[in-house]
Q: 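Can you keep this structure in mind? I'll have questions shortly.
Here is how names work: the chains are called A, B, and so on, in the same order as the sequence lines, proteins then strands, and each is numbered from 1.
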There are 2 protein chains.
Amino acid sequence: MRDPEDTLRQHDLPVTAQRVSVLRAVSHHPHATADMLAEEVRAELGSISRQSVYNVLNVLTDKGIIRRIQPAESAALYEDRIGDNHHHLVCRTCGKTEDVCCAVGEAPCLTAQSHHGFKIDEAEVIYWGTCPACQKKKR
Amino acid sequence: MRDPEDTLRQHDLPVTAQRVSVLRAVSHHPHATADMLAEEVRAELGSISRQSVYNVLNVLTDKGIIRRIQPAESAALYEDRIGDNHHHLVCRTCGKTEDVCCAVGEAPCLTAQSHHGFKIDEAEVIYWGTCPACQKKKR
DNA sequence: AGGAGTTTTTGACAAAGTCCAAATCTCGGC
DNA sequence: GCCGAGATTTGGACTTTGTCAAAAACTCCT
């Protein structure tokens with residue numbers, strides 16, 4: 001991602017230390033929870049309130065600067081990569097999350113026959129399975 | 001779904017009033033939250049503890065008798081229809097959830113190229129959008 | 001530098017679940 | 001039909017994730 005400050009300005013968001021730092025944290029740690037990001041920001045800024053982390057993440061998500069994914073049984077995760085229609089692979093055992101390129105064609109997933117009169121704007125795909133490490137452990 | 005009691009026995013689960021009732025509730029109210037199901041069960045049995053509802057739902061989910069879906073920003077929902085690989089349509093505004101037949105082929109979604117060494121056992125697809133009612137309200 | 005309008009902070013609060021120990025119930029055998 | 005081992009249900013406290021609201025602090029524009 002480009003410079004955090006530029007990104008904020010481009011979206012008409014006042015630049016604050018907290019926002020810059022959260023944005024950087026998301027960039028460096030894809031698939032992190034709000035809590036993990038808060039830790040990260042604290043390491044950089046010294047401190048940040050829990051509320052601010054949520055504020056910032058919500059604003060950024062609303063503006064489409066970052067993406068929120070929320071697998072079952074886990075807190076929301078945030079990531080940088082947007083617009084490239086990739087999906088996620090989540091380990092049922094340890095929760096580890098990986099990116100996956102879209103399995104079928106390019107924007108295949110939005111092709112749900114526009115059912116029930118809904119106006120669909122996004123398709124979220126989560127592949128559930130077991131990661132290599134956990135496969136080993138189980139045996 | 002077949003008779004709740006039979007279903008339980010087939011999975012080697014002791015038959016209890018709570019389980020039978022929860023199972024029936026899930027059957028009658030697809031996409032209900034644990035709380036809604038608890039209400040439903042109370043109407044039938046008189047009472048059930050919150051913990052038991054969760055216990056039962058967890059056991060049933062583990063055994064693959066029911067399926068849990070957990071859209072972002074909402075409590076987990078439970079449903080009866082399993083094995084037919086259908087997906088869900090969720091309204092961003094009101095949270096309304098509908099079933100959708102699988103958009104592509106039959107079990108298309110599991111076709112993610114087995115990436116990262118994960119052993120994939122399920123693909124969950126959630127289509128995000130706006131339901132007809134909310135589209136109307138916004139205008 | 002000054003001021004209007006946003007953000008951040010702080011602390012209380014809410015929802016959804018889990019943990020644990022005690023009481024109760026189910027199922028299989030006698 | 002009754003008994004007992006083992007599983008299930010209860011109730012209550014607790015955790016996690018996140019939101020609400022008001023006051024203090026900050027950003028950006030002039």
Side-chain angles (χ1 to χ4, degrees), chain A residues 4-23 25-26 31-42 44-63 65-66 68-78 92 95 97, chain B residues 4-23 25-26 31-42 44-63 65-66 68-78 92 95 97:
Chain A
E5 301 198 15
D6 279 0
T7 306
L8 290 172
R9 268 190 273 269
Q10 269 166 35
H11 289 268
D12 286 321
L13 290 172
V15 176
T16 67
Q18 290 85 343
R19 283 180 177 162
V20 172
S21 188
V22 167
L23 200 39
V26 171
H31 310 149
T33 62
D35 242 28
M36 291 156 69
L37 294 170
E39 293 273 322
E40 195 60 22
V41 171
R42 278 195 198 103
E44 192 181 333
L45 295 187
S47 83
I48 189 172
S49 67
R50 195 165 47 119
Q51 185 60 57
S52 294
V53 176
Y54 284 113
N55 280 350
V56 173
L57 290 173
N58 285 338
V59 172
L60 296 180
T61 304
D62 283 354
K63 292 278 182 178
I65 300 174
I66 60 177
R68 183 196 339 247
I69 54 182
Q70 176 160 354
E73 335 238 348
S74 134
L77 309 179
Y78 296 86
R92 283 191 197 277
T97 302
Chain B
E5 301 197 15
D6 279 1
T7 307
L8 290 171
R9 269 190 273 269
Q10 270 167 32
H11 290 268
D12 287 321
L13 291 172
V15 175
T16 67
Q18 290 85 342
R19 282 178 178 165
V20 172
S21 187
V22 168
L23 201 37
V26 172
H31 308 149
T33 62
D35 243 29
M36 291 156 68
L37 294 170
E39 292 273 323
E40 195 61 23
V41 171
R42 278 195 198 104
E44 191 181 335
L45 295 188
S47 83
I48 190 173
S49 68
R50 194 162 48 118
Q51 184 59 57
S52 294
V53 176
Y54 283 113
N55 280 348
V56 173
L57 290 173
N58 285 337
V59 172
L60 296 180
T61 303
D62 282 356
K63 291 280 182 178
I65 300 174
I66 61 176
R68 185 194 342 243
I69 54 183
Q70 177 161 353
E73 335 239 348
S74 136
L77 309 179
Y78 296 87
R92 283 190 197 277
T97 303

Q: Once you build an axis from the first five pairs and another from the last five of the helix from C:dA1-D:dT30 to C:dC30-D:dG1, how far apart in angle are they, to 10 degrees?
A: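 Nearest ten degrees gives 30° for this helix.
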Q: Starting at the 5' end of nucleotides 4-13 of chain D, put B wherever the base has a protein heavy atom under 4.0 Å, S where only the sugar-phosphate does, and a dash everywhere else.
A: ---SSBBBBB
Q: Can you find a pair of side-chain heavy atoms, one from B:Thr7 and one from B:Leu60, that are under 4.5 Å apart?
A: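 Not in contact.
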Q: Any non-hydrogen side-chain atom of A:Val26 less than 4.5 Å from a side-chain atom of A:Ile65?
A: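 With C-beta onward as the side chain, the pair stays apart.
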Q: Run B:Gln18 and B:Val41 through side-chain contact (heavy atoms from CB on, under 4.5 Å) and show every step you take.
A: CA-CA 8 Å; B:Gln18 290 85 342; B:Val41 171; 5.9 Å; no
Q: So does A:Leu57 get a backbone contact from the side chain of A:Thr61, meaning a donor-acceptor N/O pair under 3.5 Å?
A: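 Flag set: sc A:Thr61 to bb A:Leu57 pair under 3.5 Å.
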Q: Want to settle it: does B:Ala34 or B:Arg9 sit nearer the 5' end of DNA chain C, counting the closest nucleotide to each?
A: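 Of the two residues, B:Ala34 wins.
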Q: Can you check side-chain contact (heavy atoms from CB on, under 4.5 Å) on A:Ile69 and A:His31, steps first, answer last?
A: CA-CA 8 Å; A:Ile69 54 182; A:His31 310 149; 4.2 Å; yes
Q: Which is it for B:Arg68 and B:Asn58 under the side-chain contact (heavy atoms from CB on, under 4.5 Å) test, yes or no, and what are the steps along the way?
A: CA-CA 9 Å; B:Arg68 185 194 342 243; B:Asn58 285 337; 3.3 Å; yes
Q: Are side-chain heavy atoms of A:Ile48 and A:Val56 found at a separation under 4.5 Å?
A: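 The answer is no, as the side chains (C-beta and beyond) never meet within the 4.5 Å cut-off.
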Q: How long is the line joining CG of B:Leu57 and C1' of C:dA16, in whole Å?
A: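 So the CG-C1' distance, B:Leu57 to C:dA16, works out to 12 Å.
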Q: Given side chains that start at C-beta, do those of B:Leu23 and B:Ile66 come closer than 4.5 Å, heavy atoms only?
A: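 Of all side-chain heavy-atom pairs linking B:Ile66 with B:Leu23, at least one is under 4.5 Å.
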